[in-house]
There are 2 protein chains.
Amino acid sequence: MPTQLPSIVDVAKKAGVSVATASRVMSSSTYPVSGTAREKVLSAARELKYVPNSLARSLKIQRSKLIAVLVGDNADPYFAQVARGVEEVANAHGYLTIMCNTGRDPMRELSYLQTLQDYRADGIIFSSSGLSEIDYPEQVQIDELVEKIQERGAAIVTLSPHSIKAPSIQSDNIGGAYELTAYLISLGHRRIAFVTGPDKVAVSEQRQQGYTRALTEAGIPLSPELIIPGNFTQAGGESAASILVQLPTEQRPSAVFACNDETAFGLMNGLRQHGWRLPEDISICGFGDIPMARMVTPSLTTVSISLRQLGQAGAQKVLSLLQNKQQEPEPTTEILPAMLIKRNSTIPYSSHAN
Amino acid sequence: MPTQLPSIVDVAKKAGVSVATASRVMSSSTYPVSGTAREKVLSAARELKYVPNSLARSLKIQRSKLIAVLVGDNADPYFAQVARGVEEVANAHGYLTIMCNTGRDPMRELSYLQTLQDYRADGIIFSSSGLSEIDYPEQVQIDELVEKIQERGAAIVTLSPHSIKAPSIQSDNIGGAYELTAYLISLGHRRIAFVTGPDKVAVSEQRQQGYTRALTEAGIPLSPELIIPGNFTQAGGESAASILVQLPTEQRPSAVFACNDETAFGLMNGLRQHGWRLPEDISICGFGDIPMARMVTPSLTTVSISLRQLGQAGAQKVLSLLQNKQQEPEPTTEILPAMLIKRNSTIPYSSHAN
DNA sequence: TTGTAGGCGTTATCAA
DNA sequence: TTGATAACGCCTACAA
C-alpha cells in the first residue's frame, strides 16, 4: 500500500527550523543560511530520506525542466540519433526528455503539443520532418498553439525546414546532396537516378535540389523518368528497384542517389532480387550515414549529417533560449555541415559491367 | 516576453460560477453539473484559451501520468523498438513517456531513478539489461531506491532478468536460443560457435544457456574455444571475426550463433574482410530480428522476440499495477514467446564449401 | 446542484 | 539570518 513521502515541512520540523530555511538549503539557493542550521536540515533530510517534489517545485517556479522531442518514429535510426543527442544534453543539464512519436501525423503532433502545453514543457524540439506545403486544418491549429507556447516562455526549435516560426538548426541537405551528386558525376556517371522521400517533405526536396543543381552545373540534362518516388523506408526502396529494372535499357541509370540510407538498403535488396550485382551493375548511394551504412555489403556511400550532433545542437539552442527568454526568439536558421562519405557502393562509370 | 496562462480561477470568474464547478467540468469528473453551468464554463474556457496545468493537477491528485523507460541507449535498435512499444500504449492512455539513456552505467541508472522519484513518475520500465552478478555499491542503493519508489505507489516493471524485486516481462531467450541452435544442428552442423554479449549481462547468459542445452541434448560436446566474447555491438562482432579466422582449420566452426543481430552484422563484415564468403564458407545467425536483419545480404537467420510487443506489454503491466496499487505487486515473470526466423545466412552443413 | 475553503509541496516576499 | 505566510493551480470534502 502506498505510503506518503516526507515533505519539506517534515524536514523542517525534524530539524527544528522553519520551512523557509529548510527550503533554502534543500533548493541550494544562494540565500545565506548559517552553517549549523544547514547541518541540521541536511541530516534531518537524510534520516527522513527526504525527496524533493519536482512537481510542486515546477509549479511554483514556473519551470518544469521538461524537454520534449517530437519525432516521426523513435525506432527510425534517423530520429533515434537525433533523440539521443537531445537526451544527452538535456540530461546533462538536469532536464528530463519526453519522447513523442507523431508518426508524421499532424493530428497526433497537435495532440502532443497540447499535452506538452498542459505539462508546461520548457522546451520542444521538432524533429519530425516539416512539410513544404501546409493547408490542412490541423496545421493552422498547430501554428496557433506554437505561438501560445512561445508566449508562455517555452522554447521551440525545429530541426528541419518547418512552417512554424521558430529558430531552426538544420543539416546541410542541399550542400550534402550537391557534393554527393558531384562526386558521382566525377566518377563519370551521367544518368543518375534520384529516389525521393515522401511527398512534400521538405528535407527530401532539399536533397533533390542539391541533386538538380549539381546536374545542371555539369550540363547534364534532367531526365524526368529518373526521378523515382520513395518514402524514406526500405519498402519504398524495394518498389523503386522494381521500377528501375523495368526501364528500357537505354534509359537505365548507371547510378542511383537514394534520398536516405534506408531507401538505399531497400533499393540494394530489391535490385539483387532482380539479379543485379552490386556495385558491378549499378552504383548506389544514400543519405544520412546511419550506423548500418558502413556494415552492409557493399558498404554504402552516403552523406554524414551527424544526427546526434543535430539533436545536441537543438537541445543547446533550447537551453540558450530559455536563458534569455525576455527577448523574442528570432527565427534564425543555423546550418550544420554535411560530409561526403565515400564507400564501396559507388564505382567509376567505366568500371561498370555494361 | 513570457505571459501568464489563464488559470481555472479565471475561467470560473468569466463563466460566473465557482472554481469548484469549473474544475468539475474541466477535469471531466463524474460529479453532477447542470447543463447550463457546463456550457458557460466550456465557452469561457474556449474564449480564454484555457490550458489546464498538469503539474498542479498531478501535485494534487498524486499522480503524474509520467512513465519512464530506462534503456541502455535509445539509438540501439533493440531498445528503440522496446521504447516505441512503451510510448504507444502510454500515449494511448494519456501518459507521457520519459526516455532515459543509462548507457548501462549503474551510476547513471541510479541518478535517473532519483530524478524520476523527484518527479513522482507513476511508472518505471527497466529495459536496460540486468546484470547477473551484483555486488557494487550502486546496486544496493538502486535496490533501496526501487523499494521506496514502489512504496510510494509507483509501478516498476523489468523487461529482462534483473536483481530488483519487481514484476517482469521477458522474451523467451532460452527457448529461442535453444530452438535456433537445434535448427543449426538439424542442418548438420556440429561445431557451432557462440559469440557472447557483454560480461554478466543476463539475457546474454540466457541465450548461451539455450545454446548449451541444445548442444548437450544432441550429444555434441562443448568446445570452450568456440565461445567467443562479444559485447552486443558490431565492433564486437568484427573482433570476434578476427578471432574466428585465426582458429586452426580443424577447430573451425561451420556455423556461428551471434548473441544479437548487431554482433552478427559485425561478424559478417569482419569475415568478409578476411575473404570469407557468406554463407558458402560459414553459416551465421543472430538473435533479435531487428528490421535490418532481413535487409542484409545474405538475409540473417535469427530469432524474433517482438521487442515492440515487449515494450507494449511492459507498459500495459505498469498500467494494470497502477489500477490496483493497494496490493503488493508480486514479482511474477511473464514470458513472451520467441520465434525462429529462417533466412539465407544459414545453409546445411553439407552445402558448405569445405 | 453549487460554493467555500483547505491542502498538495515548494518557493519567495517581507518582517523581524 | 530566520520565520510566517502568501502564492503556484488544482481538486475535493464538506456545507449549503
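Protein chains get the first letters and strands the later ones, always in sequence-line order, with residue 1 at the start of each. Here the structure is a predicted model, which is why all the values come from computation and not from measurement.
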Indicate every side-chain donor-acceptor pair of residues 92-102 of chain A with a distance under 3.5 Å to a residue at least two apart or in another chain.
| residue | atom | partner | partner atom | Å |
| --- | --- | --- | --- | --- |
| A:His93 | ND1 | A:Val89 | O | 2.8 |
| A:Asn101 | OD1 | A:Asn74 | N | 2.8 |
| A:Asn101 | ND2 | A:Asn74 | OD1 | 2.9 |
| A:Asn101 | ND2 | B:Glu87 | OE1 | 3.4 |
| A:Thr102 | OG1 | A:Val71 | O | 3.2 |
| A:Thr102 | OG1 | A:Arg104 | N | 3.1 |

What donor-acceptor contacts under 3.5 angstrom involve side-chain atoms of residues 56-68 of chain A, with partners at least two apart or in another chain?
| residue | atom | partner | partner atom | Å |
| --- | --- | --- | --- | --- |
| A:Ser58 | OG | A:Ser54 | O | 2.8 |
| A:Ser58 | OG | A:Arg63 | O | 3.1 |
| A:Arg63 | NH2 | A:Leu322 | O | 3.1 |
| A:Ser64 | OG | A:Leu66 | N | 3.3 |
| A:Ser64 | OG | A:Arg120 | O | 2.6 |
| A:Ser64 | OG | A:Asp122 | N | 3.3 |
| A:Ser64 | OG | A:Asp122 | OD1 | 3.4 |

Distance-only donor-acceptor hits, side chain of residues 37-48 of chain B, under 3.5 Å, sequence neighbours excluded:
| residue | atom | partner | partner atom | Å |
| --- | --- | --- | --- | --- |
| B:Ser43 | OG | B:Lys40 | O | 3.2 |
| B:Glu47 | OE1 | B:Lys14 | NZ | 3.4 |

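A salt bridge does not link B:Lys165 to B:Glu147: none of the charged side-chain nitrogens sits closer than 4.0 Å to a carboxylate oxygen. Remark: B:Arg84 engages B:Glu88 in a salt bridge, criterion side-chain N to carboxylate O under 4.0 Å.
The shortest heavy-atom contact between A:Leu321 and A:Pro167 is CD1-CG, 3.9 Å. B:Gly314 and B:Leu159 get closest at one heavy-atom pair: CA-CD2, 4.0 Å. Closest approach of B:Asp143 to B:Ser163, counting heavy atoms only: OD1-OG, 4.0 Å. For the residue pair B:Pro6 and B:Tyr50, the shortest heavy atom distance occurs at O-CD1, 3.5 Å.
In this structure, B:Thr21 contributes its side chain and B:Val17 its backbone to no donor-acceptor pair below 3.5 Å. Between the A:Ser111 side chain and the A:Met107 main chain, no donor and acceptor come within less than 3.5 Å of each other.
Taking the 5' to 3' direction, DNA chain C first and last meets chain B under 4.0 angstrom from a heavy atom at C:dT1 to C:dG9. Interface limits on DNA chain D: the 5'-most and 3'-most nucleotides within less than 4.0 Å of chain A heavy atoms are D:dT1 to D:dG9.
Applying the side chain to side chain donor-acceptor pair (under 3.5 Å) test to B:Ser320 and every residue at least two apart in sequence or in another chain returns nothing. Here B:Asn53 pairs with nothing under the side chain to side chain donor-acceptor pair (under 3.5 Å) rule; sequence neighbours left out. By the side chain to side chain donor-acceptor pair (under 3.5 Å) test, B:Asp10 is found to be paired with no residue, residues two or more places apart in sequence or in another chain being considered.
Contacts between residues 19-36 of chain A and DNA chain D, counted as heavy-atom distances below 4.0 Å, involve A:Val19, A:Ala20, A:Thr21, A:Arg24, A:Tyr31, A:Pro32, A:Val33, A:Ser34. Near DNA chain D, defined here as any heavy-atom distance below 4.0 Å, the residues from residues 48-59 of chain A are A:Leu59, listed numerically.
For the helix from C:dT1-D:dA16 to C:dA16-D:dT1, the angle separating the two terminal helix axes comes to 40°, with each axis derived from five pairs and the value rounded to 10°.
Listed by first then second residue, pairs satisfying salt bridge (charged side-chain N to carboxylate O under 4.0 Å, His left out) with a partner in residues 89-103 of chain A number zero, not counting sequence neighbours.
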